[in-house]
Amino acid sequence: MAVRLLKPEAGMFDVVLINRPQPPGPGVDGQLSAYSTSLARGLAYGTNSADHLLNVPAARMSAFEELPHDFEAYLQRRAVAADGGSFVARKLYGDYLRSTLDEVTAKVLSKPDAPRFFMKHATVTTIGRHADGRLQLAFNEGGGQGRLLADRVVLALGNFVPANVGLPEPRFYESQFYLRDPWQAGALSRIDLSRPVVLIGTGLTMLDVAATLKRRAVAAGMPLSLIAISRRGLLAQAHRLQSESPKFLSPPPDIFDVCSARHYLRSVRRHIRQHEANGGDWRDVVASLRPITPTLWAKLAAPERRRFLRHVRPYWDSHRHRAAPESAALLADLIASGELKIHAANLVRISEIGGSTEVSIRPRTRTETIDIHAGHVINCTGPSSDIQAEPLLASMHLQSMISPDALGLGLNVADDYRVTNAQGQPTAGVYYVGPLLKACHWEATAVPELRKHVRAAADAVIQTLTTPDQ
């Protein structure tokens, strides 16, 4: 978003990029963690581990839709051995984003008549309305308080830490043996591997955590015992090996005939059977849905959206958000060796007893519970979409500047990306881009979708600043 707003064609206005500081800590490979200690990192790209790979091939990871090979060109300049079909380390993508920002800001700062650009490492605590109508931001910076007046504010907050799983007795979540945020700097280096480790969730976050703990165990010459639990025990499907990004097929021709979760599912399954009968791959059919997914979601009535979330979402997530082939191979090896056991079960209770942890689960096919004696428990359920997880959003909600959607997927926004209040009215001057757009668009977490949203939101901001009476 900052790069878009700083483009010469955007106009003459100052841009301030505010990033919440985080204390540095040891990374998973013993290096200083980059997690939130510099810009363009966040949850996704702050890892230093070579085991943590992008789950989208390089050919589809350009930050700019109009420059489809921009990321590939960056890798070539870095002499990285990769092609368009490669799944490279996520750290490289963070490097790419920061390099892109640095390149643009260097051009801006070199021209005396250009807009000014400022970066602040600060925590915005509140956003309110100043007497003159502008937006007033209050922030903590370097132990002091600050104020900033802005004509427009774009909330680009990224992902939040996982939510705690509901338990009858949630007291365990205060235990030293519980890790809610596996991406906290140095957190995984403190996990005791001498006892079994329980992972809540069996998706991509679990895979990343398992890869990190496997590397630690190998380095220490220790055996590894991981137990992953989710209600259905579904694992992320693997991307296929390919030399370049696949081309989109036409979507199922009958998918819009009936706007219901059941019909969508049946239509996709039917199309997959036909495509595979002709020698195709089911991944092609899932990919064909990407351009129309926002429309499919928009056409679902609220009850049908709930039905989709309850019955289809886990299967959609495991097939849509796939693992890099190398990551999927590691996962298969961990399961085959017995180092990772998967349970399709419900959590019944987690208790800290005498310096250890007891996890009670109820398998989906059984009525009795199973007790697991372990050390640490790690939350691998993935980013939360609860706005209460972010103090700034919670504050804005109290002021009726923003409103969460009824399904708890994210924020309500207008067509021009302005946030809306509980009455559905846009909040003047406040925009949002990021994964909380899932509430309106469903697909809002991967780069190919996010870059479109960022471009459209930036255009909307620029238009209101350059067009009179907007």
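Count residues from 1 along the sequence. Fair warning: this is a prediction, and the values are worked out from it, not measured in the lab.
- Remark: side-chain polar atoms of T420 are not paired, donor with acceptor, to backbone N or O of A414 under 3.5 angstrom.
- The pair R90-D208 meets the salt-bridge criterion, since a charged nitrogen lies less than 4.0 angstrom from a carboxylate oxygen.
- S337 meets the side-chain contact (heavy atoms from CB on, under 4.5 Å) test with E339; sequence neighbours excluded.
- With respect to D95 and R78, a salt bridge is recorded, a charged nitrogen being found less than 4.0 Å from a carboxylate O.
- For the salt bridge (charged side-chain N to carboxylate O under 4.0 Å, His left out) condition, the pairs that include at least one residue of residues 384-394, sequence neighbours left out, are R20-E390.
- Side-chain atoms of Y264 come within 3.5 Å of backbone N or O of L296 as a donor-acceptor pair.
- R232 places no side-chain N or O within donor-acceptor distance of the main-chain N or O of A344, the cut-off being under 3.5 Å.
- A donor-acceptor distance shorter than 3.5 angstrom exists from the side chain of D281 to the backbone of R283, with no hydrogens or angles considered.
- Environment of CZ in R231: sparse, with no more than 12 heavy atoms of neighbouring residues, nucleotides or ligands closer than 6.0 Å.
- Proximity of a side-chain donor or acceptor of T357 to a complementary backbone N or O of G375 within less than 3.5 Å is detected.
- With a 6.0 Å radius and a threshold of 12 heavy atoms from other residues, nucleotides or ligands, R116 has its CZ atom at or below the threshold.
- Among residues two or more places apart in sequence or in another chain, the ring-ring contact (aromatic ring centres under 6.0 Å, His included) test is passed with H376 by F177.
- For S62 (side chain) and L67 (main-chain N/O), a donor-acceptor pair under 3.5 Å exists by modelled atom type.
- With sequence neighbours excluded, no residue forms a ring-ring contact (aromatic ring centres under 6.0 Å, His included) with H275.
- Remark: A150 engages L137, V153 in a side-chain contact (heavy atoms from CB on, under 4.5 Å) (not counting sequence neighbours).
- Judged by distance alone, the side chain of Y96 and the main-chain N or O of M61 form no donor-acceptor pair under 3.5 Å.
- The pair R4-E65 fails the salt-bridge criterion, with no side-chain N (NZ, NE, NH1 or NH2) lying under 4.0 Å from an Asp/Glu carboxylate O.
- Looking only at distances, no side-chain donor or acceptor of D51 sits under 3.5 Å from a matching main-chain atom of T212.
- For residues 315-327, the pairs satisfying salt bridge (charged side-chain N to carboxylate O under 4.0 Å, His left out) are R313-D317, R320-E443, R320-E449, with sequence neighbours left out.
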